[in-house]
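Okay, structure first, notes after.
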Amino acid sequence: MKIGYACKTVGVSNTDMKSCTLKNASSERITEITKHNLHVLNNIIDYNINNNINLFRISSDLIPFGSSEINDVKWWEIFSKELSLIGDKIKSSNMRVSVHPGQYTVLNSNNNDVVRRAIDDLTYHTRILDSLGLNSQHKMILHIGGAYNNKKLAIERFIENYKKLEDNIKYRLVIENDDKIYNIEEVLDIGIKLDIPVIFDNLHHEINNVNNICSEKYWIEQCKSTWKKEDGNQKIHYSQQAENKRIGSHSDTIGIKDFMVFFNMLDRDDIDIMLEVKDKNLSCVKCINCTDFNIKIIALEKEWSKYKYNVLERSHSDYIKIRNLLKNKEDFNAVSFYTLLEKGLKSQGDIGSLVNGALHVWGYFKNKTSEKEKHNFFKYLENFQQQKSNINPVKNYLNKLAQKYNEDYLLKSYYFIM
DNA sequence: TGACGTCAAGATCCG
DNA sequence: CGGATCTTGACGTCA
């Protein structure tokens, strides 16, 4: 089983992709950004390897305007060396990657121009995986498209247009149920008819389902048979509804208790789970740790070192509870740890606890800083205490100091990003 | 015509 | 002038 995350990282340095607007998209600018983004992709792959993450979705933003006619840069030739080095890393680490054209890539449109652009976009995404030298287990996920007041015709159009696609596109293409139009039963019908693997998305299914008679497990098992040996293990998407947000919005983090219920329901090892969640790799590491039967306490201690000041500034009592939980090195439980962590991070920190957190972090510097820096810090802190500002200027200043004095422990923590 | 989703770029505001 | 905060962009469908 692999558990992965989509497109970008949270709290990892040098992993931000660049982009540009259409009016600035010269060949030079596109080449420059592509070079940067490939460097970033390489860093993300390194991060994944170092954190035992072996499922990842590559961002469609890798190449600016990758499927547009205005991009005339032959990036797959110019950067062939960089691409194959990244591809080699992916292969040698047994990582599985994917790409996912979004809701605006519509293969079944009744507008020929939209279909033409959709095919260009599929060609672009396929080229990413091809240029990395990856096999057919590395997939491209697509939704079926619109309904146009006649679903039957719209499905027929999808089928006809699919048949016209180049073989190297078909080689990777898989289809997924969406949250509004095509439910899992309809997507499965298409998948079976065309011999395309089907991705089950639990949240889309919750919102847009056939009926409540068949269980999630039933549909996941139905999808399983669409995955052939050369496609690799069945892949599914998992996400949770964000509280107090529009139906279908992804949660900020994966609630570990609900995830474990889902995981235990699957009761299988030959399945890969792509998480769709705002905190990306953070939830991914959480889920990996909680499903690892051989987890060592050092893995949780490492996690705690990154989150501790975020908890401290929100809730001192949760901070103490988690610290106590980790003191018992023989009998620890990853789910209990993350459940407490979620509770702590959900707490609303008051002025006192936020100040307490900032002072703890200040402790890293107090013997190194100049008088001026000390003065600046306490000025920011005083402004916050007197409600003249929020906590951000205080934390931003601490971040600056952390960078200046190269405090690796703080820079690797999530204190400055949450 | 706006909502939908995404998030960096670009624009503007603030001290 | 630098940093913080708000708006735009780029895509297609549907109400």
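Protein chains get the first letters and strands the later ones, always in sequence-line order, with residue 1 at the start of each. What you see is a predicted model; the values in this text were computed from it and never measured.
Of the N and O atoms on the side chains of A:Ser92 and A:Asp88, not one donor lies less than 3.5 Å from an acceptor on the other residue. A:Asp121 and A:Thr105 form a side-chain donor-acceptor contact under 3.5 Å, judged by distance and modelled atom types alone. Between the side chains of A:Lys89 and A:Asn42, at least one donor N or O sits under 3.5 Å from an acceptor N or O. There is no side-chain donor-acceptor pair under 3.5 Å between A:Thr126 and A:Asn168.
Among the nucleotides C:dC14, B:dT6, C:dG12, the one closest to the side chain of A:His250 is B:dT6. Among the nucleotides C:dA10, B:dC4, C:dT5, the one closest to the side chain of A:Phe65 is C:dA10. Distances were taken from every side-chain heavy atom of A:Ser109 (C-beta onward) to each of C:dG12, C:dT13, C:dG3; the shortest belongs to C:dT13. Checking B:dG10, C:dC14, C:dT5 against the side-chain heavy atoms of A:Asn24 singles out B:dG10 as nearest. When distances run from any side-chain atom of A:Lys400 to the nucleotides C:dA4, C:dG3, B:dA9, the shortest one goes to C:dG3. Among the nucleotides C:dC14, C:dA10, B:dG10, the one closest to the side chain of A:Tyr148 is C:dC14. When distances run from any side-chain atom of A:Ala147 to the nucleotides C:dT13, C:dC14, B:dC4, the shortest one goes to C:dC14.
Taking side-chain N and O atoms only, A:Arg117 has a distance below 4.0 Å to OP1 or OP2 of C:dG12. Look at A:Thr21 and you'll find a side-chain N or O under 4.0 angstrom from OP1 or OP2 of B:dG10. A:Asn111 has no side-chain polar atom (N or O) that falls below the 4.0 Å cut-off from OP1 or OP2 of C:dG12. An OP1 or OP2 oxygen of B:dT6 is reached within less than 4.0 angstrom by no side-chain nitrogen or oxygen of A:Lys8.
With rounding to whole Å, A:Asn37 atom CG is found 13 Å from B:dA9 atom C1'. Across the protein-nucleic acid pair, A:Leu22 atom CG and B:dA8 atom C1' stand 15 Å apart, rounded to whole Å. Look at NE2 on A:His143: it is 11 Å from P on B:dT6, rounded to the nearest Å. Atom pair A:Gln103:CD and C:dC14:C1' shows a separation of 12 Å (rounding to whole Å applied). C:dT13 atom P lies 9 Å from atom CZ of A:Arg157, rounded to whole Å. Rounded to whole Å, the distance from CG on A:Asn108 to P on C:dT13 is 8 Å. The CG atom of A:Leu122 sits 16 Å away from the P atom of C:dC11 (whole-angstrom rounding). The interatomic distance linking A:Asn392 (CG) with C:dG2 (P) rounds to 21 Å, in whole Å.
The residue among A:Asn390 and A:Asp113 whose nearest nucleotide of DNA chain C is located toward the 5' end is A:Asn390. If you find the closest nucleotide of DNA chain B to A:Cys7 and to A:Lys23, the one lying nearer the 5' end belongs to A:Cys7.
Ring geometry, A:Phe365 versus A:Tyr405: the interplanar angle falls from 30° to 60°, so the pair is classed tilted. Under the 30°/60° scheme for interplanar angles, the aromatic rings of A:Tyr124 and A:Trp75 are found to stand perpendicular.
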